[in-house]
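See structure below.
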2 protein chains.
Amino acid sequence: MRSLKQIRSFVAVFEEGSFTAAALREGATQSGISQHIRHLEESLGAELLVRDGRGVIPTVHGERYYAECVAILRRLDLAEAEISRSSALGGEVRIGLMPTFTRAVLAPTLDRFIAVAPTVDMRVTEAYSGVLTDLVRRGELDFAVVPGFQGAVGLSTTLLIRDREMLVASKNRLGQHLTPICLKDMDPLKIVVPGPQNTRRKNIETYCASHGVAIERRLQLDAMMGTLDFVASSEWVAILPGVMMVNDLDGTRFDIRPLDQPALYSDFVLIEPTRRVLSPAAALFASMLRETTEQTITIRQARMREA
Amino acid sequence: MRSLKQIRSFVAVFEEGSFTAAALREGATQSGISQHIRHLEESLGAELLVRDGRGVIPTVHGERYYAECVAILRRLDLAEAEISRSSALGGEVRIGLMPTFTRAVLAPTLDRFIAVAPTVDMRVTEAYSGVLTDLVRRGELDFAVVPGFQGAVGLSTTLLIRDREMLVASKNRLGQHLTPICLKDMDPLKIVVPGPQNTRRKNIETYCASHGVAIERRLQLDAMMGTLDFVASSEWVAILPGVMMVNDLDGTRFDIRPLDQPALYSDFVLIEPTRRVLSPAAALFASMLRETTEQTITIRQARMREA
DNA sequence: TTCCGATATTAATTTTTTTGATAGATGGTC
DNA sequence: GACCATCTATCAAAAAAATTAATATCGGAA
């Protein structure tokens, strides 16, 4: 007979592309997962997954069945959420944020959230988008905020915010703090960039290449704190999302100028496992995070108009 | 942890209104059902059913959860149907029909069906609507055709056919075979009727009462074959759905005249368990049954125009 | 070929489910 | 109001199913 465990196992294998990874995610053994899938296939009388030496590939049946299974799991989660956690703010909220968000908008969001939901057990993980995406897919995080991208199996994506990229340098190195700048006027650049696995790296390279911005030297730093510290004390510059620089708008430490002609925008999306539904507390935190970020941007725009 | 068995048990209890009945339907023991419901309620942290001495009554949570559960089971059934019995006509089809349908339209439908689906294991149950409804709800029949009525928990209803009621008497007793008749012109009636539990009984009584048709004597027969036989050999009459009289349109055995001023119509609906999806074979049989019945009515209308 | 990284298989173990028996509760009835 | 019929709850034993750990097997890449 069919069971939810079998279905959850299948969904996990489908999304992870491997029995072993699915076992890890489900807190089970590879052997157990293997048997679940076998029983499922037997009882359906059809192959769902083709095993090749390096993992699994879904069959046509598998694709269709997966779509239904995810929808079913989600619906079940929703039905149960409506009953169990009926609008009560409680339990735990586990979220993942990139340094972009932890630097400036996390703290004020947490302040507001904790005031409203004092009993919630809050856990924030700081990491880069690849790690966060994995954690969300594996169900270890309720949601994460990552750069906009072209989806992933098993994840639902919602645009959280669109923010402008800034050229950041140490104080008095750029001048005209908070006024728009055309990057081409500044080249050749000595620029600090994240590693090639980082989504923003590609955006930056593409922007420079297509607008003829010459780069004199690149320094690859995958440490956000390190980048800021280094930029603050050197002649190097960095291109960073505006949202992380709210606390430096006073110009005492950095010169910050929005890229212009053309402006460069970055999307940040909220990702969550499709098979689950956000708890009320998690949903509240997400909406507070959006609000705080939007306020941040509004404040910056006001300052920019002054400047 | 939650399981499909628990959910199926809950759906069964909800629909049957009793643990004991649910156990019977699920082929389990009352004890097992009881424990499933308890675990479900524990894991949801909410009561779903209130136990009173004569069965159970759902709570508000129970109502909502039930609706979701049925939808989920149905969706799962659909997903699996798409894979397993992917459009192949096979397996078994178990249907329930009242004598109204078995008398004349079953045979030609079966002829056509068997020709198209020779490998299907076909099982027909003849019974009255109450029994058929129970059998469908308990999942022992794929579908049944019963008089139109106001739904039942867990059953989906589709109108199959609307048919005209006929006054039936032995040959030459009414005269003007196949021409419309106003029942009031014939009263007082000596009429054979089904028992009060029969849906059509109520329709007949209501019709007579509201159109001032006097009934001299009633004879209650819950045997359709017996009714016909008795009517054929006596001065008693009966009011019967036209669909069961197709083979007697030639007038050699009965005088048959449609009720008129006003005409009396009866609805027949197809009922199936909401939680399941009709197999392709069952769906095919249902559509053939409808076609045959419609042809039957068309033939009768042609004959009536001739008369 | 050989190795590496997968999945499959198997038998023992653990956990869960199911059962049968019984107790308890409730409403209807005389 | 006691009795009766008909429910559900509980519990411990039995049965069934899931899970594990160890190991076999398979398929591709170097």
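Predicted model only: the values in this text are computed from it and were never measured. Reminder, nothing fancy here: chain letters follow the sequence lines and each chain counts from 1.
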(message) Nearest 0.5 angstrom please: B:Thr227 OG1 to B:Leu221 CG, how far?
(response) 4.5 Å
(message) Rounding to an integer number of Å, can you tell me how far B:His39 NE2 sits from C:dT18 C1'?
(response) 12 Å
(request) Rounded off to whole Å, could you give me the CD1-to-C1' distance for the B:Ile33 and C:dT19 pair? (result) 12 Å
Could you list the residues that satisfy side chain to side chain donor-acceptor pair (under 3.5 Å) with [X], not counting sequence neighbours?
X	result
B:Glu68	A:Arg75
B:Ser18	none
B:Thr274	B:Ser156
B:Asp134	B:Arg137

(message) Test of understanding: with salt bridge (Lys or Arg N to Asp or Glu O under 4.0 Å), list the residues that count as partners of B:Asp267, not counting sequence neighbours.
(response) B:Arg162
(request) Could you note down all residue pairs passing ring-ring contact (aromatic ring centres under 6.0 Å, His included) where residues 10-47 of chain A supplies at least one of them, sequence neighbours left out? (result) A:Phe10-A:Tyr65, A:Phe14-A:Tyr66
(request) Only pairs at least two apart or in different chains count here, so list each salt bridge (Lys or Arg N to Asp or Glu O under 4.0 Å) that has a residue in residues 40-50 of chain A. (result) A:Arg38-A:Glu42, A:Glu41-A:Arg51
(request) At the 4.0 Å heavy-atom cut-off to chain B, mark where contacts on DNA chain D begin and end, going 5' to 3'. (result) D:dC7 to D:dC11
(message) Quick check on C:dT16: is either OP1 or OP2 less than 4.0 Å from any side-chain nitrogen or oxygen of B:Lys5?
(response) no
(message) Please confirm whether the shortest side-chain N or O distance from B:His36 to OP1 or OP2 of C:dT16 is below 4.0 Å.
(response) no
(request) Quick one, give me the B/S/- string for nucleotides 3-10 of chain C, reading 5' to 3', where B means a protein heavy atom under 4.0 Å from the base and S means that only happens at the primed atoms, P, OP1 or OP2. (result) ---SBBBB
